[in-house]
S.K.: 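I'd like to ask some things about the structure below.
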2 protein chains.
Amino acid sequence: MTGHENYLVRKISTFVDLSVHELKYLSDLQSSPIRVKKGREIVHEGQAGQSAYIIHEGWACSFKLLPDGGRQIITFPIPGDCVGLRSILLRTSDHSFSALTDSLVSRIQAARMKDLFNELPRLGAAILWAASRDEAMVVEHLVSIGRRNAMERTAHFLLELNDRLQLVGLASNHSFACPLNQYVLADALGLSTIHVNRVLRLLRERGLVTLKNQMVVIQDMAGMKALAGYVNRDDDEQIEQ
Amino acid sequence: MTGHENYLVRKISTFVDLSVHELKYLSDLQSSPIRVKKGREIVHEGQAGQSAYIIHEGWACSFKLLPDGGRQIITFPIPGDCVGLRSILLRTSDHSFSALTDSLVSRIQAARMKDLFNELPRLGAAILWAASRDEAMVVEHLVSIGRRNAMERTAHFLLELNDRLQLVGLASNHSFACPLNQYVLADALGLSTIHVNRVLRLLRERGLVTLKNQMVVIQDMAGMKALAGYVNRDDDEQIEQ
DNA sequence: ACGGTTCAATAACACAGGTTAGCCTTGGCC
DNA sequence: GGCCAAGGCTAACCTGTGTTATTGAACCGT
C-alpha cells in the first residue's frame, strides 16, 4: 500500500471494517498507479477491454457523446471512486471516461474482480455497495435534469459534490476545491455555458454559494438545501452481511 | 414453475443457457405471484424492507417525487424485469415503484438473493448482468433528457422500448402494445403533458410513428433512428464466465 | 340513458433557457 | 514585454417548452 489508495479505503471503511487481509487484497487487486494528464481520455465509449479503474488523485468525468457533437456528463468520479465496473459484465464500455485534472489511477482486471467475489464476498459486497451508491447518484442526476430548473439543479449538484467530497475528507463543512469550469458544468447539468454563468451569478447575488478560483464556498447551507430540495444522504446506513 | 416467469427465463436465456437446476433455483427464489391493481404503489421511497420484485405480467414504473409535487419516472419495468435490487444493498429503497396496469409480481427476499451468489454464482452473474443493462438504460435516459430535444428524446424512448419488448417477445419488429398515457410519458421524458402531445403529433405528421389505442407503430424505422441518434443494443454481447 | 371520469387535442400566451457576439482578465510562453 | 489561449462575464435576441384554459371522444358503472 503506497498511501494513495487511502481514499478508497477510507470510503469503504466508513461502512464496513476491513480486516488486514481484506486491505491487502484490495491493494493487490489494483495495478501500480498510472499517471494521467489533464484532458486525456482513459476509456473510449465502445472500447472492448474489460477493466475498471480506481481514482487515487484528481478528478475525472464519465460521459457520452452525441452524433451532433453534444456531450452529456454522467458523473464526476473523485478520489476513491471506481469507474467502469459495468464494463466488466457488459463486454464493452458504454461511456467514455477522461481525466479533468492531472490524475493518478489504477486499473483493475476483470478476472481478478471476479475472483474477489468468490474469495472475499464481504469485500465484494462492500464494493458493490459503493457502486450502488453511484447508481443512486445517477438516478438523482436524472431527476435533477428532468424535473428541476437550472438553479435548483445547480444548487443540488454542488451540495451533492460537497457531501461526496466530505466522505473522503476533501471538503470542509461548506467548501471545497473544485476544478470544474463552466463548460464542464454545462455538460453535466444539461445547460448551455452561458446559462450556467447566469445561474452562478444569481446564486452568488443571493448569497447562497460562490465558485471562484476553483473553490466552491457554500455560504448559506440552509438556503441551498431549501432551494434544491436536497435531502442528506442517509449516512448511517450500513451494509449488513 | 407456473409459466408466468417465462419472461425472465426467456430474457436471461438469451445470454446464458440455464441448467435445469438453475431454472429450479430461479423459480424457488421467488414468492408465489402477487396480483397488483393498476395504480397501486408497491414500494414507497424511503421504505425499509429489503425486497426486490420481479414483474411477470403488466407494466410498472419506478420514480421519484419532488417536494413541489413533480415526479420523474426513472424507468418502466416490463415483464421479466427486476426492480429494487439496489435496495438489497442499501437498506432502504431510494425510489418508489408502482403498477401502471393490473400486474403480477413476485417478491425476492434479500437473504435468498445473497445465498444465490454463493451457491450459483453463474446465475448470480446473469442476474447482475441484467441489472447492469438496466443501469445502462438509466444512463441513456439521462443523456436523452440532458442533451436531446423533445422530439429526439421521445423517438429515442420509443425505439428503446421497442427493443426491450422484443427481447421478451412482447413486440413485433416495429410495433407493440403500450399502456402509457401522455401524462406518464411526460413524467418520464421530463416534459409537460401538452408538449408530449405536440411532439407525438409532429412525429405522426412526419410519418415516423403513431401512438393510438395503446398501440405504438413505428412506421419509419430508419427515419426514427436517424432522428433519435439511436444505436442498437449490441445484442450479441455475451456474458462470459 | 345518464353523469362521471379519464385521456387526447388545440389555441393563446409566457418564460426559461439557448444562441450569437463580444469584451475582459489571467496566466503561460517566446 | 508582448502575444496567445483559456476561461469568465455580459447583453440582446430568439425559440423550445411550459402554462392556463377549453373542448371533445371514449369508456364506465348504475
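Just so it is clear: chains get the letters A, B, ... in the order the sequence lines come, proteins before strands, and each one is counted from 1.
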S.K.: Write down the distance between CG (Leu185(A)) and P (dG7(D)), rounded to a whole number of angstrom.
M.R.: 12 Å
S.K.: Rounding to an integer number of Å, can you tell me how far Met151(A) CE sits from dA16(C) P?
M.R.: 12 Å
S.K.: Here's one to test your reading of the geometry: is the NZ or CZ of Arg107(B) within 45 degrees of the ring axis of Tyr53(B) and under 6.0 Å from its centre?
M.R.: no
S.K.: Can you tell me how far P of dG16(D) sits from CZ of Arg153(B), to the nearest Å?
M.R.: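 Result: 13 Å.
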S.K.: In whole angstroms, how far is the P atom of dA8(C) from the CG atom of Leu211(B)?
M.R.: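 In whole Å, dA8(C) P and Leu211(B) CG are 7 Å from each other.
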S.K.: Are Arg86(A) and Asp94(A) ion-paired here, with the side-chain N under 4.0 Å from a carboxylate O?
M.R.: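 Looking at Asp94(A) together with Arg86(A), the answer is yes, because their closest N to O distance falls below 4.0 Å.
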S.K.: Tell me what Leu200(B) touches on the nucleic acid: a base, only sugar-phosphate, or nothing, going by heavy atoms under 4.0 Å.
M.R.: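 Nothing: the residue Leu200(B), judged by heavy atoms under 4.0 Å, touches no strand.
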S.K.: Give the B/S/- string for nucleotides 20-30 of chain D, one per nucleotide from 5' to 3', where a protein heavy atom under 4.0 Å of the base yields B, of only the sugar-phosphate yields S, and otherwise -.
M.R.: B----------
S.K.: How about Tyr230(B) and Phe157(B): are their ring centres within less than 6.0 Å of each other?
M.R.: no
S.K.: For dA9(C), does OP1 or OP2 lie under 4.0 Å from any side-chain N or O of Asn197(B)?
M.R.: yes
S.K.: With a 3.5 Å cut-off and no angle check, do the side chains of Ser106(A) and His56(A) form a donor-acceptor pair?
M.R.: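 A pair is found: one side chain offers a donor N or O, the other an acceptor, under 3.5 Å apart.
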S.K.: dA12(C), dG17(C), dG8(D): which one has an atom nearest the side-chain heavy atoms of Tyr183(A)?
M.R.: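 So the nucleotide nearest the side chain must be dG8(D).
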S.K.: Would you mind checking if Glu152(B) and Arg147(B) are paired as a salt bridge, meaning a charged N to carboxylate O distance below 4.0 Å?
M.R.: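 Salt bridge absent between Arg147(B) and Glu152(B).
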S.K.: Using a cut-off of 4.0 Å on non-hydrogen atoms, how would the nucleic acid contact of Arg201(A) be classed: base, sugar-phosphate, or nothing?
M.R.: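 Counting heavy atoms under 4.0 Å across all strands, the contact made by Arg201(A) is with sugar-phosphate only.
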S.K.: Side chain of Asn181(A) only, heavy atoms from C-beta on: which candidate in dG18(C), dT17(D), dG7(D) is closest?
M.R.: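 So the nucleotide nearest the side chain must be dG7(D).
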S.K.: Just how far, in rounded Å, is P of dA8(C) from NZ of Lys212(B)?
M.R.: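 Between P of dA8(C) and NZ of Lys212(B): 13 Å.
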S.K.: Should Asp102(A) and Lys38(A) count as an ion pair when the cut-off is N to O under 4.0 Å?
M.R.: no
S.K.: Is the phosphate of dA9(C), meaning OP1 or OP2, less than 4.0 Å from a side-chain N or O of Arg204(B)?
M.R.: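 So the side chain of Arg204(B) is within the cut-off, an N or O lying under 4.0 Å from OP1 or OP2 of dA9(C).
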S.K.: How many Å lie between CZ on Arg147(A) and C1' on dG18(D), as a whole number?
M.R.: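 In whole Å, dG18(D) C1' lies 10 Å from Arg147(A) CZ.
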S.K.: Without decimals, in angstroms, what is the distance between Lys38(A) NZ and dG27(C) C1'?
M.R.: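 Distance check: Lys38(A) NZ to dG27(C) C1' gives 12 Å.
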S.K.: Looking at every strand, decide which applies to Gly39(B) at a 4.0 Å heavy-atom threshold: base, sugar-phosphate, or nothing.
M.R.: nothing
S.K.: If I take atom CZ in residue Arg198(B) and atom C1' in nucleotide dA9(C), what distance separates them, rounded to the nearest angstrom?
M.R.: 12 Å
S.K.: Is the shortest distance from a Lys or Arg side-chain nitrogen in Asp220(B) or Arg206(B) to a carboxylate oxygen in the other one below 4.0 Å?
M.R.: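 Result for this pair is no, no salt bridge flagged.
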S.K.: Taking 4.0 Å as the cut-off, does a side-chain nitrogen or oxygen of Gln214(B) come that near to OP1 or OP2 on dC7(C)?
M.R.: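 Answer no for this pair, as no side-chain N or O of Gln214(B) is under 4.0 Å from OP1 or OP2.
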S.K.: Side chain of His195(A) only, please: which of dG18(C), dT10(D), dC7(C) is the nearest?
M.R.: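 Among the listed nucleotides, the one closest to the side chain of His195(A) is dG18(C).
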